[in-house]
Every structure is written in C-alpha cells, then in structure tokens.
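Everything below concerns the one structure shown next.
These values consider heavy atoms only, across backbone and side chains, with no hydrogens, waters or symmetry-generated copies. Letters A, B, ... mirror the listed sequences (proteins, then strands); counts begin at 1.
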Amino acid sequence: MNVERLVAMVNDIAAFFAGEAGPDAPAAVANHLRRFWEPRMRRQIIEAYRTDPSSLRNLSDTGRAAISLLGDQDSPRV
Amino acid sequence: MYAKGYRDLGTPPPVGRVLLDPPSLVTLEIDGTTVTVPEGTSIMRAAALASCDVPKLCATDSLKSFGSCRLCLVEIEGRRGYPASCTTPVADGMKVHTESRKLADLRRNVMELYVSDHPLECVTCPANGHCELQDMAERLDITTTRYGFGGANHHGGERDASNPYFQFDQSLCIVCSRCVRACDEVQGTFALTIQGRGFASQVVASEHQPFLQSECVSCGQCVEACPTGALLEKSVVRHGPAERAVTTTCAYCGVGCSFEVELKDERVVRMTPDRNGHANHGHACVKGRFAFGYATHADRALKPMIRRKITDPWQDVTWEEAIDYSAREFRRLQETHGPDSIGGITSSRCTNEETFLVQKLVRAAFGTNNVDTCARVCHSPTGYGLKQTIGESAGTQAFDSVMQADAIIVVGANPTEGHPVFASRVKQRLRQGAKLIVIDPRTIGLVREPHIAADYHLQLRPGTNVAVINALAHVVVAEGLTRDAYIDGRCEADSYRKWKAFIAEPRNSPEATESITGVPAALVRGAARLYASAPNGAIYYGLGVTEHSQGTTMVMGIANLAMATGNLGREGVGVSPLRGQNNVQGSCDMGSFPHEFSGYRHVSDPAVRGMFETKWGVALKSEPGLRIPNMFDAALDGSFRGLYVQGEDIAQSDPNTHHVTSALAAMECVVVQDLFLNETAKYAHVFLPGSSFLEKDGTYTNSERRISRVRKVMEPRAGFQDWEVTCLLSNALGYPMRYRHPSEIMDEIASLTPTFAGVTYEKLDRLGSIQWPCNDQAPEGTPTMHVGTFVRGKGKFFVTEYVPTTEHTSSEYPLVLTTGRILTQYNVGAQTRRTDNVIWHSEDVLEIHPHDAEVRGIADGDWVGITSRVGSTVLRADVTDRVQPGVVYTTFHFPESGANVVTTENSDWATNCPEYKVTAVEAIRVAHPAEWRARQETDVHAPAHAPHGHIVNA
Ligand code: SF4
Ligand code: SF4
Ligand code: SF4
Ligand code: FES
C-alpha cells in the first residue's frame, strides 16, 4: 500500500488524539490502529518506520511516537 | 383513495392526548353500544371503533375534520339538531344515534345533490369499486336524483394529465377539499387551493397551473386522500383496480415507509402508504409511492454471465456455471495468495438477512474479515462517534419524537429532498410552533417554505462543522446554559471537566471562529441559546456531518452538545442521524464492518468470537479486515485479488473514480450481484442477477432502528432471491448454508446478537415493526434509547479540536465543491433514472453563486468545466444564490455528471469515510463539452489520472 497514504491517515488520527488524549495520545493512536487497521497496513508502516524512515518524513510527532509504540507492542496475527 | 382493505376511522386520534399516560377516558353509548375512548375523540371515530361506520365523504382519519359534506349527521339525546359526527367530540354519558328515518332523509338529500353533478356512471369510471361516493350512494340506496341531471354540472371539466403518475379529472371532483388539506396538513407543500365559491368552486394547483408546473412535489398524498376518481393514479386507469394487497417496506431512503403493494395478478398496480405504518403513518414521497417501475424495466440483467478477462465479451451461462466458476476462482485465490487476498462488500439496499449472510460468507467461508459495506462512505462516523460517546451506534429516537421537540437543529441534511416524509413531520411540528436552526452551507428547503421558516440559518463554509459545533457548545458553557444535574448524574465527570475546560477556551468562541466558519457570531450565540434553553432540543443530521475528514469528530461534537444540555434519553430530544439508503442502519447492525460482528462487537473479543465460532463451526480471525478504500489500495499493490459485491456500485459511488476503477481492473475475480449491469460490472468477471425488493422476503432497519418486513409480491425475475444466491455460492465453496426462509436467518441473527434477541418474524407480523434493542428487558422494542442511563454507562465527552481539512482552496482551485441530493432521484440513480422521475431531474447541474458566475463569464445553462486536483468533469450551470460565494454544489445521480471523478481520497480520520463534501475546484465556461473533455485528457498539465466519471454518495 501507498506509505504516503498511510502516513496521512496516521496524521489525521494523531491530530484527533493530540487534543483528546494529551500526553497519552501516542498510546491512543496505537490502540486505534490496532483495533481498526488491517494487519498488513500496520505491518507496512512499522516496516517503513524501521527500515526506511525517510518515507515517513511527513509523519507528525504524535504519529511517530504511536508507530514506535505499535512496533513494540504489535504482533499482528494473520 | 386509501389502500385497498383499509378501514378508515374518519378522524385522527385526538391531538396531544395520545401520549398522556393514562389518557383520560370518556364513556358514551352509540346505537345502544357502550364505548370508551380517549377524551377529545370525535363521535365519528368512537362509532367506527365500535364497528359502526357513520356515512361520510369529507372526513378521513389522516386529516383534521372539516365538516363540509353534512353526510355524517347524528342525533344526540338531549341535544337539538343534527350535529356532524366528524366535528363533534364525545362527552361522558352521551347517547348517540347514527341511524333514523330523519337522518336517512337528510343524508339522501345531500347525496342527491352530489349525484346531480356527478352521475353514477360508475361502470365506466376507472375508480369503479374503490370510490367512497359510489359506496355512499349504494349504502343510501341512491340511484337517481330528484334534482335531475339537466342542470349545470361539471361534466366535461378539464382533465390535467401533466403529472406522469396521476391525473386530475375535474368532472369527478366533489370539492370535499380532502386533497387540499392533505397537501397542507400532511405534506406541508400548500400547492392546492379551492378557487371560486359555490357551484364555481374548483381545485387548482398553485396559480391555476398544471400539476407538473405547480409547486406540487408529487408526493401523492392528495391522490391518497381523494374519495373519488378525481385524483387517480394513472396506473389504476391503465390496469384497472387491484385485486390484492401485500404490506412491505420502501426500498429507497432511510425513512423506511411502510406500503401496501396493490396487485392484479403479478402486476403492481400501485403502492399506497400504509396508514398503520409506524415510520410514515400513511405518508410517502414521489420515489417510494410512484417510482417502482425500475423493477420491471427492460434494462434488468436477468442472466448470469461470466468472462475470463474484463476485456472479453460477456457470456450467458447457467446459474450453476456462474456459481461454480466464482467458487473455483475464490478458492484458487485463497490457495495461492491466502484467505486475506479476497473479500466482500454488503449492501445497504439489501435486507438484513442478505447482509448478514454476505458477512458470514466472508468471515466463515472466505476465512477473512475483509468485509465492508457502503455505509463506509456515508455513515461510518456515526457508528464510531455515537458508540464512543453514548455507547450505541445508532440514532436515539423514533421519528414521532420530533412532535415533542421544541427546538430542532438540522445540520448537514436536506430532509425535504433526502428524507421527504420525515421533513413533512418536521414541518408539521414547526407549524405547531417549534423553532428551527439549520446549519448548512446552502439555503436548503427548510430554511424557508410555505408557512415555515428557520429561526437561524448558520450558513457555514464547507469543512468547518467542528468549529461551528464547538462555538455553539462554547456559548452553552460560557453562558451557564449547561444542565449540571443531568451531567453530574449521567456523564463521566473527568471527561466533562476536560471537555469543559477545552470548550471554554476563547479560541472556541463564536467571535474567534467567525473568520473560519463565515457565520456571524451573533447568529451562533442566538442559536445556542435557543437550543439550550428549549425544554426539548433535538438534533437531526445527515451526510453533511459525516462525509468530512472530521466526520467522526463532528458526530462526537453533536453528542457532547446534546449531553451538556441534557437533551438525550427522553422523547422530543436526541441525536438522530438521517440515513441515506433504506438499510444503512441494518447493514451496519448486521456485522458488515471489517472489525466487528453483528451488534457492533469487536472481532478481537474472545467471548463474542467464540460464540460465533461455535454457531458457525469454524475458526474466525481476531484481527480487523480491510475497509473498502484499503481494499482498493491493497488491490493496486497486488495483495487483494478477489471481491464479491452484492447490490453496490462502488465504481460510481466511491471517491476518486480513477483510483477505484484501476483497483478493480487489477483484480482477478470480481463477482457483481445487481439488478443492472452497473458501472462496477464493467470490471467484473462474473455477473449474478439480483432481485428487487418486490421479489424477496426479509427485513430492513430504518434510521430510527425500526425493523420492518419486506414481503415478496412476485417471483424473483432471475430465479433467485439475493440471499439464496449467497447460499449457493457458500455451498459451492464447501461451507454449507441451508436456510429455507429468511426467517431462519433472522433466528440465527437473534441468537447471536443481544440487541436483536427478541426479534422474530412472528413478532414482526404481530407488532408491525420493532425498534431494536428488542430483548427480555424490552420485548416489544425500544423507541427511545438511553432513558435513565446511557448504553455505555456514563456518557463520555470528547475533546473535539477543530482541524482544518487538508483539501485547501488555492489560486488554482479557488472554489469549494460540495454535494447533495434531489427529491426525485435516489443515490447513483440506477433505479430512479429508470422511471418517469426523470421528468423532474434529467441531469445533474452545478449550482454557482451569481458573483462567482459573473467573474467567470458563466451564464445560467452554460456548460462548465470543473477541475479538481484529481480529475475533471463537465456540468451545466445553475446560477443561484442558494449557494454562497466561493461554494459550488452538485448532485450525483447521473453517471454522466462525473462528480466522483473530481472528489479526492481525503477521508475521516477514524473511519475512512470519504470527504465528499469538500473538494477544491475551479470552474470555467466551456463551449464544447466533448472537446473540452478531450483536451483535459491529453493536457500534460492535467493530473495524470484525470478521467471523466461520476460523483456519488452525498
Ligand atoms: S379532487 Fe378529490 S379530494 Fe380534492 S376536492 Fe375533489 S373530490 Fe375532494
Ligand atoms: S401530490 Fe403532494 S405536493 Fe402535489 S398537490 Fe398532491 S399532496 Fe400536494
Ligand atoms: S423514499 Fe423514503 S420518504 Fe420516500 S416513500 Fe420511500 S422511505 Fe418514504
Ligand atoms: S364527513 Fe362529517 S361533514 Fe363530511
């Protein structure tokens, strides 16, 4: 899938939780992704975060923290 | 004339009394029978309830009594004269006589006068056998008249056949004014009047115009109210009166009107709204009542077809071959690329049972959670937003609740066009004195119509909903209009504290947001005070709320405002989404979303999953599947290759058409099941003929959570009902589905879904309809939700920061395009375009403000080329100040209009619901549309993927 598109989606989610959850925003975003994103989408953005950070240059800070958290916790079962 | 077999009680139940619990009752005697009825009931109605039908002509129980025909006279012991029973209310101890020699004489006299101007040539009249004048003449034994037939009469009076669906024959009119009152009281259009006096009086439409050119919106209510053949459906004239009637539910919008389908053999003669229908109480609109011809249209695709490649011609095959081919292809893809390489899409136009089966097929037989529904592109933010805040993904009220509302907010919805029968109810309530706040970029019908006007119209810039709802809430908090006891008792204190601090910040004030929203601060303040201080404040909203990048935030903002003002949990208040298609609520309830089972329970919940696994006998996945837009993305990267689409036209209805069609073209097996060879079928490898609502049994669930029966009135034209086709496919895949009737599917739904636990077909037949939750606690259903406590326990406030959409206007794309609906057309128009409704709307147009038109040299009726960052299309200009400067507007009912070609892939943050309502565009005058299109396609500066296609789903 198009990583740019995934980044835009994470940024939108992060923009909401930044207001709603304050310091807990990264965890809230990661939780949202776990509950609503199909595993291959999660895998892809985690993969990009780990191996090709430049592809995530448009990712917001909250979004980045969320993906880092997701990568630590997430083991999507397929 | 009302539905065949309907027993008219003459006058409506007493206004305002029905809801008193217990109502004060009055006991009287009618022809020696003791009758007890609510106070305020008319003698006529009381008599009818006691099985005694008083003769009548000008009265009918859908209209207030009028007292003009003098046929319903009765005698009351101890009273002088002969009062009209339709206008005289009952009184305790009253003794009424409905028959006597004197009464018979008086009535015969009245009838003879009628008959002198309306000879009883019934045998040749198309209304023969279904006419109240004829019935009364027979009953009173009138075969001739003392007044003779030679005097002045209206024979040869004008006949108006301009409306495609009904005619007005003045010579058959008895000037009872039922039609006029129906148009005023029920429909609220005020198109008809009685002109002239005495003998010269006659019914006229608007300024004595043909119906088609008048203000008439062709709802048919006057036709239903007419006691004679004066106003009559042309289909009755053509085919003769019906022989039988079957009760079913409209397959168009989310109001879900109940209808009597009247048939002669297997032919539908007409549809009459069901006066006992709980959603519509005998009302309907031009779509449901008249536009059913598509079901038998020659374009129906009735043969299964297959082709190996989408460039190959279609090949007719047997059902067996088509099913077998589909199953083999899906199996091949599963084996080669894994179960998650395929999926399915359910339809909001199909029944609950059909939808449930498609998601079951995907989860159990395909072995994946890749199932989604078209609600993704309309109301998915409603599901998420309401679940999070108040605990249930559904509207909180029954439609009837609006009759108790004192202040009504309509936001991002256009009920007179999209939900006409509900709009008529709103207008009735407004005429009784309720106040109205419209929040919409356009001047929609409700802003000003005959006898109603909005008290506030907050004409915001598209895309700024959240800033407006925050500003309204800011006023409520800053001016101390919150209902603190309600909040303390019913909401999470922490969430409220946090929200209150946020919303009170000066940046959320109407003054601070005015430059963002374009709405004068004083109007926002006035509207907020009006809503918050009304005894009952109710909010109704549509896709103008959900189809934004902040759709979910806005739904939460609406719930916040309702909680803060104590406007949830009783009649007259609430938060009510108006659903576009008839079964949007139902398709969501049935587990069509990739992350949840029926009843909105997440697939990761082991207890819920375990229950489904036991019942279905297979292991199910615990991870969410792909949503529709994700499916397209995955198709383009090669990880998603097969799709079963039932009853949806994603190629026309989803945004950025080119992206969608490229994705479809990249797939190896697309199976489309539909009534017509739609746009999506152009990319299909298998076509399975669908069945219309007239050809199937099942249920639909409307916007008010009301489950109503759909009943088969004719055999499926292609051989199978849609649910049967899903069963065939599942059986061929080796996962047996053996249902004999949709009632068995409903039994399975009830056994697996707590909110449906008490629903059975037997109960639906007995009660007429049921609003879920229906279970042991609420065996007959739940009209109002969240009474006493919220479904989630305590209501939760969410901080709703306004985040501007990334779809900005610029010097290159200076206008904002937004989309909507029109009354006579429905969604992508596949059905209504194939009916006479095209007489009102035969193409989509672009509304543009006179100022924007002038600076671009665009005149009314000119062709206009519209270009966005992703595509372009051509529409005709409608220069109007219904839209504000800087905003252009179109509908999306015709594929030629190509509106979704220009819409972008921006979507709601939580649900990926597309942002149809905001697209930055430029509009230019175009002399030759075809040339302009060709130039756009070859223009190197045009976006690389800029084809011409369609807009959909507003
Ligand atoms: S058209 Fe029908 S309803 Fe209207 S006044 Fe004439 S008879 Fe009555
Ligand atoms: S069809 Fe409806 S809108 Fe038209 S005149 Fe009759 S009641 Fe009024
Ligand atoms: S389209 Fe809607 S309002 Fe019209 S008849 Fe059908 S359900 Fe009722
Ligand atoms: S029915 Fe009562 S006056 Fe006509």
Original post:
Most heavy-atom pairs under 4.5 angstrom with chain B, which of His32(A), Arg35(A), Met9(A)?
Top reply: Arg35(A)

**OP:** Let me know if Asn369(B) has heavy atoms under 4.5 Å from chain A in its side chain, its backbone, both or neither.
**Re:** neither

Original post:
Side chain, backbone, both or neither: which part of Leu626(B) has a non-hydrogen atom closer than 4.5 Å to chain A?
Top reply: both

**OP:** Take Asn11(A) and Ser60(A), measure what side chain to side chain donor-acceptor pair (under 3.5 Å) needs, and give me the verdict at the end.
**Re:** CA-CA 6 Å; Asn11(A) 284 347; Ser60(A) 67; 3.2 Å; yes

Subject >> When Pro339(B), Ser549(B), Ala634(B), Gly638(B) are compared by non-hydrogen pairs under 4.5 Å with chain A, the top option >> reply: Ala634(B)

Original post:
Of the backbone (N, CA, C, O) and the side chain (C-beta and beyond), which part of Asp908(B) lies under 4.5 Å from a heavy atom of chain A, both, or neither?
Top reply: neither

Original post:
Would Ser592(B) and Gln359(B) satisfy side chain to side chain donor-acceptor pair (under 3.5 Å), going step by step from the backbone distance to the final call?
Top reply: CA-CA 6 Å; Ser592(B) 293; Gln359(B) 63 90 35; over 6 Å; no

Original post:
Ion pair present between Glu492(B) and Arg792(B), side-chain N to carboxylate O less than 4.0 angstrom?
Top reply: yes

Original post:
Around atom CG of Asp61(A), are there more than 12 heavy atoms of other residues, nucleotides or ligands at under 6.0 Å?
Top reply: no

Subject >> Engaged part of Thr911(B) at the chain A interface, taking heavy atoms whose separation is under 4.5 Å >> reply: neither

Original post:
Do the side chains of Arg627(B) and Phe593(B) get nearer than 4.5 Å, heavy atoms only?
Top reply: no

Original post:
Looking only at atom types and distance, does a side-chain atom of Thr552(B) sit under 3.5 Å from a main-chain N or O of Gly385(B), one as donor and one as acceptor?
Top reply: no

Original post:
By side chain to side chain donor-acceptor pair (under 3.5 Å), which residues pair with Asp12(A), not counting sequence neighbours?
Top reply: none

Original post:
Which answer fits Thr368(B), side chain, backbone, both or neither, if we ask what part of it has an atom under 4.5 Å from a heavy atom of chain A?
Top reply: neither

Subject >> Under-4.0 Å salt bridge between Arg43(A) and Glu38(A) >> reply: no

Original post:
Are any non-hydrogen side-chain atoms of Phe502(B) and Arg507(B) less than 4.5 angstrom apart?
Top reply: yes

**OP:** Let me know if Asp637(B) has heavy atoms under 4.5 Å from chain A in its side chain, its backbone, both or neither.
**Re:** side chain

Original post:
Is any NZ, NE, NH1 or NH2 atom of the basic residue among Lys498(B) and Glu20(A) found under 4.0 Å from an Asp or Glu carboxylate oxygen of the other?
Top reply: yes

Subject >> Residues of residues 798-805 of chain B near chain A, each having a heavy atom less than 4.5 Å away >> reply: Phe798(B), Val799(B), Val803(B)

